[in-house]
Amino acid sequence: MIDQQVSLRGGAARLPVRPRTGRFLVLAAVFVCAACGLVYELELVALASYLTGDSVTQASVVLSVMVFAMGIGSLLAKRLRCHAAVGFGLIEAALALIGGSSALVLYASFAWLGESRYALVGFSLAIGVLIGAEIPLLMTLIQRVDRQDAGGAVADLFAADYVGALVGGLAFPFLLLPMLGQLTGALLTGAVNAVAGGALVLWVFRRDLTPGSRRLLVVVNVAVIAVLATATVLVDDFEQAARRAVYGDQVRVAVRTGVQEVVLTGTDRDSLGLYLDGRLRVSARDEHRYHEALVHPAMDGPRARVLILGGGDGLAAREVLRYGDVRSVTLVEVDPAVTRLARTDPALSELNGHAYRDPRLTAVGADAFTWLRADHHRYDVVISDLPDPGITASTKLYSAEFYGLIAEALAPRGRLVVHAGPPVVRPRTFWTVEASVRAGGLATRPYRIPGRPSGFTASPDRLGAGGRPPADWGFVLAAAGPVGEPGLGAGAPEPRSLGEAELREGARAADGLRLPGQVPSTLIHPRYWEET
């Protein structure tokens with residue numbers, strides 16, 4: 001009892017190392033644990049964004065819940081201060097197990113249950129509580145090691161904590177994610193966390209442990225490391241099983257690039273499916289309807305020079321290259337792995353008509369926004385075949401500034417066409433894109449066709465209400481001057497007006513989207529093609 005009172009007042013106690021060495025080891029453990037904790041947070045945000053597509057919402061949920069839980073953990077840690085060493089050891093073992101396995105469990109819940117939001121909140125709460133309990137216990141432990149005023153101890157602890165968070169935050173995107181992937185990276189982080197916490201307590205503070213608590217910590221830490229090591233060995237088999245649950249049994253290519261996860265399914269061009277970050281980008285069954293509707297209306301006019309933004313699969317380029325008077329096509333794709341796959345995969349290259357073999361096509365690996373700022377060429381046609389505008393990561397590619405850059409790149413009588421999302425299912429998103437194109441200085445002609453949008457998740461039971469995919473594709477045709485009616489040329493179906501209810505809904509959405517200082521303009525009548 002006397003030893004406990006002395007230790008809580010900050011007196012040095014029975015330790016196997018000198019006070020300065022012990023203090024360094026405690027701060028080193030703080031550094032490692034802080035780095036691991038931030039990796040867990042970023043892992044939850046990254047995987048949740050990948051599974052749901054809305055990075056802003058998921059980051060807000062994870063961070064707000066975790067900060068709230070950290071406060072709860074700090075309060076609960078007060079009960080463990082009299083047993084700080086064993087309490088810290090058990091907390092780190094639990095944090096290593098829960099944090100290390102979080103990515104694997106989230107992915108499993110999505111793959112087999114079709115829902116990961118509840119698991120996301122649960123892991124955010126649990127990890128936040130455990131992280132919040134670390135600092136109060138470490139404060140007690142560092143005062144056990146060396147005589148130091150409370151203010152100095154807090155400053156040292158938080159300095160080590162913040163520097164560790166910096167290292168963890170940089171290690172996640174630049175080291176763990178590209179080299180190990182999400183699942184293996186989280187498991188390895190958990191193992192490092194368990195080793196750091198267990199080593200500190202079992203070595204530096206071993207004289208504070210009873211024989212029973214020492215055996216308990218050894219057994220718990222060995223069990224946690226064994227579980228994480230076993231999961232690491234089996235992670236490849238798990239990923240294959242999970243991919244089969246999400247994408248079906250015909251997964252041929254699955255690779256994590258520096259930009260996204262790319263999955264290719266199907267054994268031939270007729271059954272091919274291309275998924276980017278879990279969302280179906282190309283389906284051989286109906287991609288021709290989407291790409292014909294995207295490309296051909298904009299090709300009505302001068303078309304010697306064409307710029308395609310996105311579209312690394314080569315399918316929009318296939319439609320453009322059908323025109324003999326097209327002299328050059330520049331394709332800007334942020335992920336070189338997609339263009340490489342479109343060149344080399346037999347089924348995908350057959351589907352895109354071996355577009356990359358055409359000498360008129362030049363592929364550029366770059367971000368479209370950055371590339372447009374540096375490019376000074378003029379184009380007769382610009383085709384924006386970019387990810388679905390409902391995905392937060394692609395927001396800047398649907399901004400007024402982006403369309404202003406495109407307007408500067410258009411030659412006289414040049415046209416722009418934009419994939420703008422489904423106007424019936426997500427009218428606000430569609431009309432936001434249309435308003436942004438107008439804010440960029442272009443006249444617009446919105447249109448739509450029936451069909452399944454290219455941005456929905458892999459399995460129908462993950463699509464939301466009713467489990468059915470949205471029923472249309474939406475586009476915006478734009479030019480510096482008046483825009484004619486979109487059409488597909490001779491023999492194409494005649495456009496037909498939308499119903500009055502849909503027009504009113506679109507008008508209401510557009511009315512609330514005028515930017516400050518924007519001159520109000522008349523809502524151009526939306527149209528679409530009927531299926532033949």
Aromatic ring proximity, centroids under 6.0 angstrom, Tyr398 and Phe402 | no
Between Thr429 and Thr432, does any side-chain donor sit less than 3.5 Å from a side-chain acceptor?
-> no
Do Asn352 side-chain atoms and Leu348 backbone N/O form a donor-acceptor pair below 3.5 Å?
-> yes
If you measure from CG on Leu200 to CG on Leu141, what distance do you get to the nearest 0.5 Å?
-> 6.5 Å
Mind running side chain to side chain contact (heavy atoms under 4.5 Å, CB included) on Gln182 and Tyr107 for me, showing each step along the way?
-> CA-CA 10 Å; Gln182 290 178 312; Tyr107 195 32; over 6 Å; no
Point-to-point distance, once rounded to the nearest 0.5 Å, from CD1 of Ile406 to CG of Leu397 = 9.0 Å
State, with a plain yes or no, whether a side-chain heavy atom of Val222 is found less than 4.5 Å away from one of Val218.
-> yes
Do you know which of Leu25, Val30, Val154, Val26 makes side chain to side chain contact (heavy atoms under 4.5 Å, CB included) with Ile142?
-> Val26
What are the two closest heavy atoms between Val332 and Ala366, and how far apart are they?
-> CG1-O, 3.5 Å
Contact check, side chains of Pro387 and Leu276, non-hydrogen atoms, under 4.5 Å = no
Tyr40 versus Ile98: any side-chain heavy-atom pair under 4.5 Å?
-> no
Over all heavy atoms of both residues, which pair between Tyr356 and Ala363 is shortest? Give the atoms and the distance, please.
-> CE2-CB, 3.9 Å
Taken to the nearest 0.5 Å, the spacing of Leu63 CG from Met70 CE works out to 10.5 Å
Per the side chain to side chain contact (heavy atoms under 4.5 Å, CB included) rule, which among Leu47, Val105, Val246 passes with Phe110?
-> Val246
Please indicate whether Arg373 has more than 12 foreign heavy atoms, meaning atoms of other residues, nucleotides or ligands, lying under 6.0 Å from its CZ.
-> no
Shortest non-hydrogen separation from Val65 to Ser124 and the atoms involved | CG1-CB, 3.7 Å
Is there a donor-acceptor contact under 3.5 Å from the side chain of Glu333 to the main chain of Gly312?
-> yes
Evaluate the side-chain proximity of Tyr275 to Val262: yes if any heavy-atom separation is below 4.5 Å, no if none is.
-> no
Short question: side chain of Arg81, backbone of Lys78 - any donor-acceptor pair under 3.5 Å?
-> no
In this structure, are over 12 heavy atoms from other groups packed under 6.0 Å from Phe68 atom CZ?
-> no
Would you say the side-chain atoms of Ser64 pair up with the backbone N or O of Val61, donor to acceptor, closer than 3.5 Å?
-> yes
Gly190 versus Ala96, closest heavy-atom pair with distance = O-CB, 3.0 Å
CE of Met139 to CG of Asp156, rounded to nearest 0.5 Å, is 9.5 Å
Using a strict cut-off of less than 4.0 Å between a Lys/Arg side-chain nitrogen and an Asp/Glu carboxylate oxygen, indicate whether Asp208 and Arg214 qualify as a salt bridge.
-> no
Does Asp277 come within less than 4.0 Å of Arg256, counting only side-chain N to carboxylate O?
-> yes
To the nearest 0.5 Å, atom CE of Met66 lies from atom CG of Leu38 at 9.5 Å
Side-chain ion pair, Arg281 and Asp385, N-O less than 4.0 Å | yes
Donor-acceptor contact below 3.5 Å, side chain Ser213 vs main chain Leu209 | no
Distance-only, no hydrogens or angles: does the Ser109 side chain make a donor-acceptor pair with backbone N or O of Leu106 under 3.5 Å?
-> yes
Note: Ala85 and Phe205 closest approach over all heavy atoms is CB-CB, 4.0 Å
Check the surroundings of atom CZ in Phe24: do more than 12 heavy atoms from other residues, nucleotides or ligands lie under 6.0 Å from it?
-> no
Keeping to residues at least two apart or across chains, list the ring-ring contact (aromatic ring centres under 6.0 Å, His included) pairs with something in residues 113-134.
-> none
Okay, side chain of Ser101, backbone of Leu104: is any donor-acceptor separation there less than 3.5 Å?
-> no
Should the pair Arg340-Asp345 be classified as a salt bridge under the 4.0 Å nitrogen-to-oxygen rule?
-> no
Would a 4.5 Å heavy-atom cut-off, applied to side chains only, mark Thr330 and Trp371 as touching?
-> yes
Between Ile225 and Ala194, the two heavy atoms sitting closest are CG1-CB, 4.0 Å
Less than 4.5 Å apart, any side-chain heavy atom of Met179 and any of Thr184?
-> no
Under 4.5 Å between any side-chain heavy atoms of Pro19 and Arg23, yes or no?
-> no
Between CG on residue Leu331 and CD1 on residue Ile383, distance to nearest 0.5 Å | 9.5 Å
For Arg252, the option from Val263, Leu272, Thr265 that meets side chain to side chain contact (heavy atoms under 4.5 Å, CB included) | Leu272
Side chain to side chain contact (heavy atoms under 4.5 Å, CB included) between Asn193 and Cys33, worked out = CA-CA 6 Å; Asn193 198 164; Cys33 293; 3.8 Å; yes
Mind checking whether Leu90 and Leu216 have side chains closer than 4.5 Å, heavy atoms only?
-> yes
Does Glu261 come within less than 4.0 Å of Arg243, counting only side-chain N to carboxylate O?
-> yes
